[in-house]
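Both counts, for ligands and for their atoms, begin at 1 and track the order of listing.
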Amino acid sequence: MTEIEVQLQPRYSVQVGKDLLETVQVPHARVALLADAAVLETFAPKLAVSLERGGSSVSIHALPAGETCKTLETHARLLSSLAQERLTRDAAVVSLGGGATSDLSGYVAASYLRGIAFYAVPTTLLAMVDASVGGKTGVNLPEGKNLVGAFHQPRGVWASLDTLETLPEATFREGAAETFKHGLLANSSLCDRVLEPGFSATSANLESTVSDAIQVKADVVARDPHEAGERAHLNFGHTLAHALEAFTHHEISHGDAVGYGMHYAAILSSLAGGDDLTHLTRAFLEYQQPRVLPALTWETLEPFMARDKKADSAGVRFVLLAGLGKPKLERVPNALQLEAWRAFCADLKLESR
Ligand code: GLY
């Protein structure tokens, strides 16, 4: 088992290893366990038993599977359930599932009674290395992804790697996008490990790979918890990704969208004068095999890009890579964004223009 400390006030730890569900206990008499429907039968009972063994009384709430749970309606329904159960300020929310479950559950914890304790038990690779660490919580609007939310740090995270072995292979590869991204930003050996033939939920080096990817995020979050600067770099590839997700009503999953978004951002970076890293982002797409994009045009995507959270009154800003491990946040002229889009479509032989 590996333990990573996130050096915030208060600090918390992320445990990475196998069979951790049996070890999860929290110092709260009441716990609302918010579980993705996909893991309700497999993992929620095991987790509830462990929490109960630790002295907590647990109520289990099923969330719609995946990104469809991240709505204001589901958020409101859960808040009402917690109120009807008369959960008090000393209660806790524990999330169990992928990134969307963690985002929504964290926001329920952040907003119920103006904030109660939150713990995360991620069951996808994507949630382990990204969503469940760092305290970004929230829901989507029809106008765009993650447009409502709050910073609310978890008090503990348990990444139980055995849960990944039950996932479809495509879900694992999808989730590898954020691990690869952390490699491009700050630890290029992560990129090598993801691109090694056979990288999967049963890889012998999975624990060290997941731990190293989490460490990249933990370091950035500790230096910049509220995204005053450096943390925005973690959004490499996410400007196009969020637009693809919103435009396709989440038919393109987050991980697949980030895979595409990183390739677009690498093309844009190189057009803006940075090193050409497109061989890496292309190799990642070959590994990931993301869902094929529907036909779409720049004109239809552009309004979604303009609502990106990194935009300010002067327009959209992109995370670019001057080179491996050298991210920067920059405004890019519209003409260059369009040129990169055309190059992206040509490279991937997309009908979209
Ligand atoms: N997912 C990017 C961040 O947590 O800042």
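Contact record, Leu268 with Leu336: CD1-O, 3.6 Å, taken as the closest heavy-atom pair. What you find for Gly183 and Leu190 is that their closest heavy atoms are CA-CB, 3.7 Å.
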One line per pair, note the atom names and distance for all nitrogen or oxygen contacts under 3.5 Å between ligand 1 and the protein.
{"unit_1": "ligand 1", "atom_1": "1 (N)", "unit_2": "Asp130", "atom_2": "OD1", "d": "3.1"}
{"unit_1": "ligand 1", "atom_1": "1 (N)", "unit_2": "Asp130", "atom_2": "OD2", "d": "3.2"}
{"unit_1": "ligand 1", "atom_1": "4 (O)", "unit_2": "Lys217", "atom_2": "NZ", "d": "2.6"}
{"unit_1": "ligand 1", "atom_1": "4 (O)", "unit_2": "Arg231", "atom_2": "NH2", "d": "2.8"}
{"unit_1": "ligand 1", "atom_1": "5 (O)", "unit_2": "Lys136", "atom_2": "NZ", "d": "2.9"}
{"unit_1": "ligand 1", "atom_1": "5 (O)", "unit_2": "Arg231", "atom_2": "NE", "d": "2.7"}
{"unit_1": "ligand 1", "atom_1": "5 (O)", "unit_2": "Arg231", "atom_2": "NH2", "d": "3.3"}

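Checked against a 6.0 Å centroid threshold, the rings of Tyr107 and His75 count as neighbours.
Residue Glu41 qualifies as open at atom CD: its count of foreign heavy atoms under 6.0 Å is 12 or below. Atom CZ of Arg11 sits in a sparse spot, with 12 or fewer heavy atoms from other residues, nucleotides or ligands closer than 6.0 Å.
Residue Leu96 is tested with Leu34, Val121, Asp36 for a side chain to side chain contact (heavy atoms under 4.5 Å, CB included); the sole match is Val121.
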